Amino acid sequence: MNWFPILLTLKIAVCSTLIVVLTGVPFGWLMARGKIPGKSLLSSLAALPMVLPPTVLGYYLLVLLGRQSFPGRFLQEQLGISLVFTWQAAVIAAAVVAFPLLSRNFQAAVETVDKDLEDVARTLGKTEIQIFFTITLPLARRGLLAGVVLAFARSMGEFGATLMVAGNIPGKTQTLSIAIYDAVQSGNSQLAGFLVLLISISTVVILMSLNFLDQLKKW
């Protein structure tokens, strides 16, 4: 049994979820509380990964990170970094796909926080950062945790965008979902069945934990 795809999938899911938390939390707060021009357009663009076909999203990432684009050429020439067909590219693909799941959940949670509490804190001289960490974030924690769980689950099962930008290289970029596809293509139904069962059980456990969070009324 080759455990590499399973371990790689877990590593990618953890890394991408961390990225999504660091970017999705401030973005969700900005969408809920910020007063910026073009907010509706920005929100729509951030939600695109939820509706675009994964292969289309993967193609955009492939063009963006490839050597023909400015970011890809800059990374290659100035830093010696080539992201395409690496596990780091798979992390980026998973993070992009999972981003709206966390940011939208957190935005919805922040919108339920009573603004009067934040206004009272401002009259007491608290800074916006202090208000965020002492009032907004604690009261919106359930939405944040739900978003984290969903983002992790989505990263675990990512396939199309990852295949486009990271490829299917055994021992290097082959994730669990891609390993299932590979096993089916090669006619190894026993391995495909085992991997499908494994990822199905993992998904059920993750969703059960999400339901458990929903049922917690006092914490």
Side-chain angles (χ1 to χ4, degrees), residues 2-28 42-105 147-186 191-192 195-196 198-199 202-203 206:
N2 180 12
W3 294 95
F4 180 83
I6 300 171
L7 297 176
L8 179 63
T9 299
L10 287 173
K11 182 166 73 171
I12 289 172
V14 170
C15 292
S16 65
T17 302
L18 287 174
I19 293 173
V20 170
V21 169
L22 293 175
T23 56
V25 167
F27 184 84
L42 194 59
S43 178
S44 300
L45 290 176
L48 274 179
M50 296 178 68
V51 294
L52 275 179
T55 49
V56 174
L57 190 62
Y59 179 78
Y60 282 136
L61 289 175
L62 187 61
V63 172
L64 180 66
L65 300 177
R67 296 179 182 179
Q68 302 305 317
S69 70
F70 174 75
R73 194 165 56 250
F74 176 81
L75 290 173
Q76 177 68 34
E77 295 177 355
Q78 302 300 322
L79 303 177
I81 298 174
S82 179
L83 288 174
V84 175
F85 301 129
T86 64
W87 72 269
Q88 289 90 346
V91 171
I92 294 173
V96 169
V97 171
F99 177 83
L101 295 175
L102 187 141
S103 63
R104 292 217 156 214
N105 266 284
V148 169
V149 172
L150 288 173
F152 185 82
R154 186 66 185 84
S155 298
M156 285 276 293
E158 166 48 32
F159 175 77
T162 301
L163 185 62
M164 289 290 288
V165 78
N168 178 15
I169 307 174
K172 186 178 179 183
T173 65
Q174 190 179 68
T175 62
L176 188 54
S177 297
I178 296 175
I180 293 171
Y181 174 79
D182 206 33
V184 171
Q185 290 295 306
S186 62
L191 177 60
L195 295 177
V196 166
L198 186 64
I199 200 168
S202 302
T203 304
I206 291 172

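The structure displayed is predicted, hence computed values, not measured ones.
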Is the count of non-hydrogen atoms from other residues, nucleotides or ligands lying under 6.0 Å from Arg73 atom CZ greater than 12?
yes

Indicate the atoms forming the closest heavy-atom contact of Pro49 with Leu57, along with that distance.
CB-CD2, 4.0 Å

Does atom CZ of Phe85 have more than 12 heavy-atom neighbours from other groups under 6.0 Å away?
yes

Sidechain-backbone polar pair: Asp182 side chain, Ile178 backbone, donor-acceptor under 3.5 Å
no

Evaluate whether atom CZ of Phe159 has more than 12 neighbouring non-hydrogen atoms of other residues, nucleotides or ligands under 6.0 angstrom away.
yes

Could you state the interatomic distance from OG1 (Thr17) to CD1 (Ile12), rounded to the nearest 0.5 Å?
11.0 Å

Between atom OG1 of Thr23 and atom CG of Leu102, what is the distance when rounded to the nearest 0.5 Å?
8.0 Å

Output for pair (Thr173 OG1, Leu163 CG), nearest 0.5 Å, gives 8.5 Å

Where is the tightest heavy-atom contact between Ala13 and Phe152, given as atom of each residue plus distance?
CB-CE1, 3.5 Å

In Å, rounded to the nearest 0.5 Å, how long is the span from CG of Leu7 to OG1 of Thr175?
12.5 Å

Neighbour count >12 (heavy atoms, 6.0 Å) for atom CZ, Phe4:
yes

Minimum-distance pair of heavy atoms, taken over all atoms of Thr86 and Ala166
O-CB, 3.5 Å

Exam field: side chain Ser16 to backbone Ser155, donor-acceptor pair closer than 3.5 Å:
no

For the CD atom on Gln185, are there more than 12 heavy atoms of other groups (residues, nucleotides or ligands in this structure) within a distance under 6.0 Å?
yes

